[in-house]
Peer 1: 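Dropping the structure in here first, questions after.
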Number of protein chains: 2
Amino acid sequence: MAKIDTNLNFVLALSKAQATINRRLDGQLGAHGLSFSDFVTLHHLAHANGEKLRRIDLAEKLGVTASGITRMLAPMEKTGLVSREATGHDARISYVVLAPGGRRVYEESLKTASYIAGELLPLSKASQIEKLTETLHQINGNL
Amino acid sequence: MAKIDTNLNFVLALSKAQATINRRLDGQLGAHGLSFSDFVTLHHLAHANGEKLRRIDLAEKLGVTASGITRMLAPMEKTGLVSREATGHDARISYVVLAPGGRRVYEESLKTASYIAGELLPLSKASQIEKLTETLHQINGNL
DNA sequence: GCACAGTACTTGACTAATCAATTATTAATC
DNA sequence: GATTAATAATTGATTAGTCAAGTACTGTGC
């Protein structure tokens, strides 16, 4: 029933792959008490200038809404993975800061995440992964 | 603080791209009364043998659990997009069948989905898209 | 041909995230 | 410098989906 649509096929495959990856990483990161989203949050904080980010920028990096960020950070603050810091010059902003506990857990869980990521990707494509990542970044609008 | 991990970067970019795509398609397909998941369901049914699938196979194709399928199909049955059909030889199985309403909505929404998919993907990278799709299929275990 | 393991599906309880509205603050325009 | 628009974050209500348990049925091995 259908002419093949390359773009649509891509989108379908991507969606499925994300489900696979998410499930797999969620499962394994559970050993560190993290969801995949938690891990990604720590990752971005660990690589950010001063190990802190505005909540809105974190939302953008994760591809969720500001509201989602508020809700996901609440338990992470309680367990000491991240903390909160105000800015001097703009009282609307509250930074999310990588807390010591978060830095430790990130370093531990990075090994796991990196290992699983390697397991998920087909070895045969190793040399292409960087180009493919670049294409994905273009979808995200980060030229 | 970090050595660059190619595989992990890929996984992060993928996750973000999925969020972008999902949001965009959800928004536009809303005009047809569909979520992206609804659309993907109709798509798989439309291309399946006899326009029907076992619920468990549909779950596998979408990358969700059987439980998720039950919950997502309930409203689609009510609005006449899909219907339910028993098998003669295995009373555990109930097929999901593309209903006439579903076929019509699928055909209409296909144009939208295909158009948006094209908009999201960087034109310059047409050949890369096919490579990337292949890689994604490998992640999904469909060699 | 019976017991037991496995499969297909559903359900209750819960979690993660959305949207729309709200609060608080800052920036822009006249 | 007062008014209006825009931005950052949070909250209430809702939705989509998870997991674990349960139901109903089928296939296997003795």
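Here is how names work: the chains are called A, B, and so on, in the same order as the sequence lines, proteins then strands, and each is numbered from 1.
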Peer 1: Whole-Å distance between dC19(D) C1' and Asp26(A) CG?
Peer 2: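 Spelled out: CG on Asp26(A) to C1' on dC19(D) is 12 Å.
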Peer 1: Salt bridge between Glu108(A) and Arg103(A), side-chain N to carboxylate O under 4.0 Å?
Peer 2: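 A salt bridge is absent here (no side-chain N lies under 4.0 Å from a carboxylate O).
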Peer 1: List for me each residue that meets side chain to side chain contact (heavy atoms under 4.5 Å, CB included) alongside Ala13(A), sequence neighbours excluded, and say none if there are none.
Peer 2: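 Applying side chain to side chain contact (heavy atoms under 4.5 Å, CB included) to Ala13(A) gives Thr133(B), Leu136(B), His137(B).
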Peer 1: For Glu77(A) and dA9(D), what is the distance between atoms CD and P respectively, to the nearest whole Å?
Peer 2: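 So the two atoms are 12 Å apart, to the nearest Å.
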Peer 1: All N/O contacts under 3.5 Å from nucleotides 3-5 of chain D to the protein, with atom names and distances to one decimal?
Peer 2:
none

Peer 1: Please give, in whole Å, the distance from dA24(D) P to Arg55(B) CZ?
Peer 2: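 Nearest whole value for this atom pair: 17 Å.
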Peer 1: Judged by atom type as modelled, is there a donor-acceptor pair below 3.5 Å linking the side chain of Asn140(A) to the main-chain atoms of Ala17(B)?
Peer 2: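 Yes; at least one donor-acceptor contact below 3.5 Å.
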Peer 1: Quick one: list whatever passes side chain to side chain contact (heavy atoms under 4.5 Å, CB included) with Asp57(A), sequence neighbours left out.
Peer 2: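 Side chain to side chain contact (heavy atoms under 4.5 Å, CB included) check on Asp57(A) returns Arg54(A).
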Peer 1: Who pairs with Arg92(A) by side chain to side chain contact (heavy atoms under 4.5 Å, CB included), at least two apart in sequence or on another chain?
Peer 2: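 Counting only residues at least two positions away or on another chain, Arg92(A) forms a side chain to side chain contact (heavy atoms under 4.5 Å, CB included) with Asp90(A).
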Peer 1: Roughly how many Å is it from OH in Tyr95(A) to C1' in dA9(D), rounded to a whole number?
Peer 2: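 Atom-to-atom, Tyr95(A) to dA9(D), this comes out as 14 Å.
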Peer 1: Could you state the atom-to-atom distance from CD1 of Ile56(A) to P of dA8(D) in whole Å?
Peer 2: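 Nearest whole value for this atom pair: 5 Å.
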Peer 1: At under 4.0 Å between heavy atoms, how does the protein contact nucleotides 15-27 of chain C? Give one character per nucleotide, 5' to 3', with B, S or -.
Peer 2: --BBB----BBS-
Peer 1: What donor-acceptor contacts under 3.5 angstrom involve side-chain atoms of residues 67-76 of chain B, with partners at least two apart or in another chain?
Peer 2:
residue: Thr70(B); atom: OG1; partner: Ala66(B); partner atom: O; Å: 3.4

Peer 1: Within the distance-only criterion (no hydrogens, no angle test), does the side chain of Arg23(B) pair as donor or acceptor with the backbone N or O of Gly63(A) below 3.5 angstrom?
Peer 2: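 Pair found, side chain donor or acceptor close to backbone of Gly63(A).
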Peer 1: Let me know the distance between CZ of Phe36(A) and C1' of dT18(D), rounded to the nearest Å.
Peer 2: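 The answer, rounded to whole Å, is 17 Å.
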Peer 1: How many whole angstroms separate atom CG of Asn22(A) from atom P of dA16(D)?
Peer 2: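 About 18 Å, once rounded to whole Å.
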Peer 1: Where the side chain of Ser15(A) meets the backbone of Val11(A), is there a donor-acceptor pair that is under 3.5 Å apart?
Peer 2: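 The answer is no, because no donor-acceptor pair under 3.5 Å joins these two groups.
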Peer 1: Run the side chain to side chain contact (heavy atoms under 4.5 Å, CB included) test on Leu12(B) and Phe36(A) for me, step by step, so that the C-alpha distance in whole Å, both residues' side-chain angles and the decisive distance to 0.1 Å come before the verdict.
Peer 2: CA-CA 10 Å; Leu12(B) 259 33; Phe36(A) 180 40; 4.2 Å; yes
Peer 1: Take atom CZ of Arg84(A) and atom C1' of dA9(D), then tell me their distance rounded to the nearest Å.
Peer 2: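 Between C1' of dA9(D) and CZ of Arg84(A): 8 Å.
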